[in-house]
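As a basis for the values below, the full set of heavy atoms in this structure was taken, side chains included, without hydrogen atoms, waters or symmetry mates. Counting starts at 1 for both ligands and their atoms, following the listed order.
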Amino acid sequence: MQNYNDILAEILIDEETLQARIKELGAEISVDYPENSLLLICILRGGVPFLVDLSRYITSLHMVDFMAVSSYGMGKRESGGTVRVAMDLQMDIHHKDVLLVEDIVDSGHTIASVLEILQLRQPRSLKVCALLDKSERREAVVPIHYRGFDIPNKFVFGYGLDLDEYYRNLPFIGVVDLEKYKPTS
Ligand code: IMP
Ligand code: MG
């Protein structure tokens, strides 16, 4: 696997800017959910760093749970219309105030189908917090109640976002130089 520097076109959002914005989101969420009934749901695996940092900036009591979904068909860098629950939540979300925490909303298909699945379980409320919004690419209508950054239509990596499963550990969001990237398989 190549060193990230060899495939980095530019740093889109540096660590300091990311953390400052996530801190603001955490403060906003703390005010909006004062009743200690908040459940953050993280979609594995891309949402993990964001969930962890966001959770530390939220000062009201809250719980966290995880789910994994996989999308049917389509290419590696895009998602199709529906998703399958690959790993379900541990908790019952009925009557809970659920906030879905996602790394990025791209076409919107993933979030749209996850929202549909969760809505059937009748939470008290259901909202979306997305770190990145690639709004130009939107195909499905999805409400984003808390948005970190609106980003251009470029393939990004780092801070949870992967390039063929690598580089999720980087503390910033970078743009991939797809010309220089050589997939190993
Ligand atoms: P959507 O269903 O098209 O909104 O796709 C959402 C999922 O695609 C995200 O949760 C990411 O896993 C992945 N994805 C979309 N854009 C990017 C990107 O620029 N870099 C890395 N992963 C991405
Ligand atoms: Mg994801």
Undergrad: Show your working on salt bridge (Lys or Arg N to Asp or Glu O under 4.0 Å) between Asp133 and Arg138 and close with a plain yes or no.
TA: CA-CA 9 Å; Asp133 181 4; Arg138 199 61 31 79; 2.4 Å; yes
Undergrad: Is a salt bridge present between Asp65 and Lys96, judged by a nitrogen-to-oxygen distance below 4.0 Å?
TA: no
Undergrad: With only distance considered, is Phe157 within less than 3.5 Å of ligand 1 through an N or O on each side?
TA: no
Undergrad: Who's closest to atom 6 (C) of ligand 1 heavy-atom-wise, of Thr110, Asp162, Val156, Asp164?
TA: Thr110
Undergrad: May I ask whether Gly108 places a heavy atom under 4.0 Å from ligand 1?
TA: yes
Undergrad: Counting heavy atoms only, which part of Asp103 comes closer than 4.0 Å to ligand 1: side chain, backbone, both or neither?
TA: side chain
Undergrad: Using the rule side-chain contact (heavy atoms from CB on, under 4.5 Å), only one of Asp162, Ile173, Leu8 pairs with Phe157; which is it?
TA: Leu8
Undergrad: Heavy-atom contacts with Lys134 under 4.0 Å: which atoms of ligand 1 show up? List them by number with element.
TA: 16 (N), 17 (C), 18 (C), 19 (O)
Undergrad: Using a heavy-atom cut-off of under 4.0 Å, does the side chain or the backbone of Glu102 touch ligand 1, or both, or neither?
TA: side chain
Undergrad: Take atom CD in Glu16; do more than 12 heavy atoms of anything else shown fall under 6.0 Å from it?
TA: no
Undergrad: Which atom names give the shortest non-hydrogen contact between Phe172 and Asp14, and what distance separates them?
TA: CB-CA, 4.1 Å
